[in-house]
Amino acid sequence: MNILVTGFNGKVGKEVAKNLKAKGLSTKCAVRNVDSLKREQNTYEFVSLDFTNPSTFDYALNEIDKIFLIYPPGADIKFEEFLNVAKQKKVKHIIYLSVKDVQFLPFIHHYKNEKLIKNSGIPFTFIRAGYFMQNLNDFLGAELRENRRIFVPAGKGKTSFVDTRDLAEVASIAFQNTEEHQNKKYVITGDEALDFYEVAQMMTDVMHVDIHYTNPSVKEFRKCMLKKGAKEQFINVVVGIHFPTKLGLAKGITNEYEKLTKIKPRKMKNYIMDYQEEWL
């Protein structure tokens with residue numbers, strides 16, 4: 001069984017690659033620029049894949065049985081063409097990282113992509129994920145390090161945080177027994193919904209550094225980020241990600257992770273303890 005892991009440079013893909021490697025499963029990690037990852041090449045096998053360039057699809061999918069598929073950021077993504085090549089190559093299963101409540105969000109890429117995967121006829125598992133804890137050390141990390149604040153327009157609403165390491169564990173389970181998880185949709189969250197005030201307090205307690213959630217308006221957030229040189233597209237994505245939380249729609253939690261793994265999901269406090277060096 002050969003598994004192609006996309007999104008290696010992101011928050012989830014690398015965790016999936018780590019998890020599969022730890023379990024002794026054969027993987028290839030797809031990235032745009034293989035040469036940029038020379039330090040990782042003793043640990044993982046890489047193959048070039050550019051979702052805007054269909055000429056890279058055939059080689060990347062050569063002798064691949066299963067795919068962990070993440071929709072990449074950027075314009076002009078040839079997602080349907082990639083699926084067509086995967087079908088021609090007789091890929092047996094796709095695990096696709098989607099988002100929680102995608103069925104109510106027809107305006108986002110994941111809604112369309114789930115339909116395309118279904119229509120391709122390739123057996124699938126959809127992992128519909130809650131809000132990544134790791135966002136705090138990704139695109140929210142700079143503000144935490146520089147200004148000791150969580151700066152995002154999420155209002156006072158709660159959100160169902162999930163650790164990407166737990167998402168990787170679900171993917172690993174589905175890869176190891178694809179027949180059992182074939183054509184299933186799993187909504188994976190942690191077991192607690194928190195607002196960003198609570199998260200800031202947890203960070204303060206764990207790191208012994210005062211962290212504040214400033215709850216900016218969308219206008220304040222946009223103005224500040226533009227001043228820092230952020231791109232309009234990125235700002236719009238961040239605003240969109242947090243809009244459901246602001247409306248109070250992101251607090252739903254599930255127990256599907258525990259059902260699948262027989263263990264409890266990671267808690268926010270444990271995540272902060274594990275990653276605290278990222279912010280200090």
With rounding to the nearest 0.5 Å, note down the distance linking CE in Met207 to CD in Glu277.
10.0 Å
Chi angles and distances behind the ring-ring contact (aromatic ring centres under 6.0 Å, His included) call for His93, Phe175
CA-CA 8 Å; His93 197 93; Phe175 275 129; 7.0 Å; no
Are Gln134 and Thr164 close enough that a side-chain donor and a side-chain acceptor fall under 3.5 Å?
yes
What is the minimum heavy-atom distance between Cys29 and Ala17, and which atoms define it?
SG-CB, 3.8 Å
Between Glu198 and Lys158, is the closest basic N to carboxylate O distance under 4.0 Å?
yes
Would you please say whether a donor-acceptor pair under 3.5 Å links the side chains of Tyr257 and Asp166?
yes
Residue from Asp191, Asp274, Asp163 passing salt bridge (Lys or Arg N to Asp or Glu O under 4.0 Å) with Lys267
Asp191
Looking at Glu80, I want to see if its CD is surrounded by more than 12 non-hydrogen atoms of other residues, nucleotides or ligands under 6.0 Å.
no
Arg128 vs Glu256, test: salt bridge (Lys or Arg N to Asp or Glu O under 4.0 Å). Steps then yes/no.
CA-CA 11 Å; Arg128 294 174 170 175; Glu256 293 189 21; over 6 Å; no
Over all atoms of both residues, closest heavy-atom pair of Thr6 and Ile70
OG1-N, 2.8 Å
With no hydrogens and no angle check, is any side-chain donor or acceptor of Trp279 less than 3.5 Å from a backbone partner on Ile272?
no
So for atom CD, which belongs to Gln176, do other residues, nucleotides or ligands contribute more than 12 heavy atoms lying within a distance under 6.0 Å?
yes
Minimal heavy-atom distance between Phe57 and Asn53, with the atoms involved, is CE2-O, 3.6 Å
What I'd like to find out is whether the side chain of Asn215 reaches to under 4.5 Å of the side chain of Tyr197, using heavy atoms alone.
yes
Step-by-step salt bridge (Lys or Arg N to Asp or Glu O under 4.0 Å) determination, Arg149 to Glu143
CA-CA 6 Å; Arg149 66 180 183 176; Glu143 282 290 337; 2.7 Å; yes
Take atom CD of Glu179 as the centre, draw a 6.0 Å sphere, and report whether it contains more than 12 heavy atoms from other residues, nucleotides or ligands.
no
Establish, yes or no, whether a centroid distance under 6.0 Å links the rings of Phe126 and His110.
no
Please determine whether residues Ile3 and Leu83 belong to a single hydrophobic cluster, defined as Ile, Leu, Val, Met, Phe, Trp and Tyr linked transitively by side-chain heavy-atom distances below 4.5 Å.
no
Should we say atom CZ of Phe243 is surrounded by more than 12 heavy atoms from elsewhere, each under 6.0 Å from it?
no
Evaluate whether atom NZ of Lys115 has more than 12 neighbouring non-hydrogen atoms of other residues, nucleotides or ligands under 6.0 angstrom away.
no
Please check if the number of heavy atoms outside Lys112 that lie under 6.0 Å from its NZ is greater than 12.
no
What's the verdict on side-chain contact (heavy atoms from CB on, under 4.5 Å) for Glu192 and Ile253, showing C-alpha distance, side-chain angles and the deciding distance?
CA-CA 7 Å; Glu192 57 185 350; Ile253 60 175; 5.9 Å; no
Could you check if a side-chain atom of Val199 sits within less than 4.5 angstrom of a side-chain atom of Tyr213, using non-hydrogen atoms only?
no
If the plane angle is over 60° it's perpendicular, under 30° parallel, otherwise tilted; pick one for Phe221 and Phe151.
tilted
Residues Lys251 and Asp195 bridged, charged N to O under 4.0 Å
no
In chain order, what residues pass the side chain to side chain donor-acceptor pair (under 3.5 Å) check against Lys78, with sequence neighbours excluded?
Asp76
If the plane angle is over 60° it's perpendicular, under 30° parallel, otherwise tilted; pick one for Phe51 and Phe79.
parallel
If you measure only the distance, is there a donor-acceptor pair under 3.5 Å linking the side chains of Asp205 and Gln201?
yes
Counting neighbours of NZ on Lys264 that are heavy atoms of other residues, nucleotides or ligands and sit closer than 6.0 Å, is the number greater than 12?
no
Between Tyr111 and Phe107, is the ring-ring contact (aromatic ring centres under 6.0 Å, His included) condition met? List the steps.
CA-CA 7 Å; Tyr111 183 93; Phe107 49 87; 9.0 Å; no
Identify the two heavy atoms, one from Ala60 and one from Val47, that lie closest to each other, and give their separation to 0.1 Å.
CA-CG2, 3.8 Å
Tell me, with the steps shown, if Glu63 and Lys89 meet salt bridge (Lys or Arg N to Asp or Glu O under 4.0 Å).
CA-CA 8 Å; Glu63 297 184 349; Lys89 290 285 197 177; over 6 Å; no
Strictly below 4.0 Å, N to O, side chains only: are Glu114 and Lys185 in salt-bridge contact?
no
Between Phe161 and Phe196, does the ring centroid distance fall short of 6.0 Å?
yes
